[in-house]
Amino acid sequence: MSTDVSLNLMEIRTTIPPGVTLVAVSKFQPVELLMQAYDAGQRIFGESKVQEVTAKQAQMPKDIEWHFIGHLQTNKVKQITPFVAMIESIDSLRLLKEVEKCAAKDHRVVDLLLQVHIAQEETKFGFSHSEVIELLRAYPQSFWKNSSIRGLMGMASFTDDEAQIQKEFEQLTSLFEVLKQSNLIDPAVFNVLSFGMSDDYKLAIKQGSTNVRIGSKLFGTRNY
Ligand SMILES: *Cc1c(COP(=O)(O)O)cnc(C)c1O
């Protein structure tokens with residue numbers, strides 16, 4: 001099967017309003033396909049494996065912003081902090097502290113999102129609502145020098161049930177609103193809400209997502 005990445009990208013772009021960031025999720029896709037998106041103007045790519053993102057980063061143009069979107073093991077953090085633009089999948093305080101330590105060594109400030117558990121499945125990583133609030137209360141942005149906590153990320157359940165997905169998205173936006181009403185965050189910095197993938201990104205944008213992560217709709221099915 002051939003995939004016309006530049007055509008797909010053009011079509012997807014017509015459905016994404018200004019102010020919403022498109023992350024091209026390129027995990028398990030070959031560099032040739034990523035380069036087709038790059039040549040069509042895409043600069044933000046999302047990857048979920050440390051080994052894969054470091055290999056691709058080494059081969060590809062340096063003006064790409066790499067977003068790490070998968071579960072990240074603390075012992076691998078140091079491999080990506082030298083170049084990664086954003087880690088969307090911060091799911092523990094231990095991981096956050098490791099990112100802070102490694103980013104400091106690299107003399108960088110890395111943008112981060114706190115991953116919130118919204119799906120029904122047990123297997124998806126992330127904080128609960130109260131854990132996010134507790135974390136920001138105990139460790140506000142002023143505590144971090146090399147980590148910029150920019151917002152929240154979530155993944156809905158793997159289901160066709162749109163009402164269920166909508167309910168889960170609403171959980172994320174309501175937490176975001178609660179935080180904005182509190183003084184736990186600076187709304188000028190903490191302004192990214194990352195939810196929505198190929199099958200549900202249009203709904204996500206309607207619900208207030210500012211960062212959609214689109215893989216298969218852009219690059220075709222993945223070969224695992
Ligand atoms: C794979 C992945 C995506 C993209 O999924 P598609 O359905 O292919 O668009 C988005 N977010 C995360 C965290 C992923 O792992």
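Worth saying up front: this structure is predicted, and the values here are computed from it rather than measured. One-based numbering, in listed order, for ligands and for the atoms of each.
Distances from ligand 1 to the non-hydrogen atoms of Glu88 include no value under 4.0 Å.
At a heavy-atom cutoff of 4.0 Å, ligand 1 is contacted by the side chain of Arg222 but not by its backbone.
Counting protein heavy atoms only, atom 14 (C) of ligand 1 is closest to Lys27 NZ, 3.0 Å. Shortest contact from atom 11 (N) of ligand 1 to any protein heavy atom: Arg213 NE, 2.8 Å. Given atom 12 (C) of ligand 1, the protein heavy atom at minimum distance is Ile69 CD1, 3.5 Å. Of all protein heavy atoms, the one lying nearest to atom 9 (O) of ligand 1 is Ser198 OG, 2.5 Å. Looking from atom 10 (C) of ligand 1 to the surrounding protein, the closest heavy atom is Met197 SD, 3.2 Å.
Ligand 1 places these atoms under 4.0 Å from at least one heavy atom of Ile214: 9 (O). Contact atoms of ligand 1 toward Gly215: 4 (C), 6 (P), 8 (O), 9 (O) (distance under 4.0 Å to a heavy atom of the residue). Of all the atoms in ligand 1, the ones that sit under 4.0 Å from a non-hydrogen atom of Met155 are 13 (C).
A tilted orientation is assigned to the rings of Phe45 and Trp66, their planes being inclined by 30° to 60°.
In this structure, Arg43 forms a cation-pi arrangement with Tyr38, its terminal cationic atom sitting closer than 6.0 Å to the ring centre and no more than 45° off the ring axis.
Residue Asp199 has no nitrogen or oxygen atom sitting less than 3.5 Å from a nitrogen or oxygen atom of ligand 1, judged on distance alone.
At least one donor-acceptor pair closer than 3.5 Å links the side chain of Arg108 to the backbone N or O of Thr81. Between the side chain of Asn211 and the backbone N or O of Ser194 there is no donor-acceptor pair closer than 3.5 Å. Using modelled atom types, one side-chain atom of Glu100 and one backbone atom of Ser147 make a donor-acceptor pair closer than 3.5 Å.
From Ile44, atom CD1 reaches atom OG of Ser26 across 12.0 Å, with rounding to the nearest 0.5 Å. Once rounded to the nearest 0.5 Å, the distance linking CD of Glu168 with CG of Asp161 reads 9.0 Å.
Taking the charged nitrogens against the carboxylate oxygens, Glu98 and Arg94 have no contact shorter than 4.0 Å, which rules out a salt bridge.
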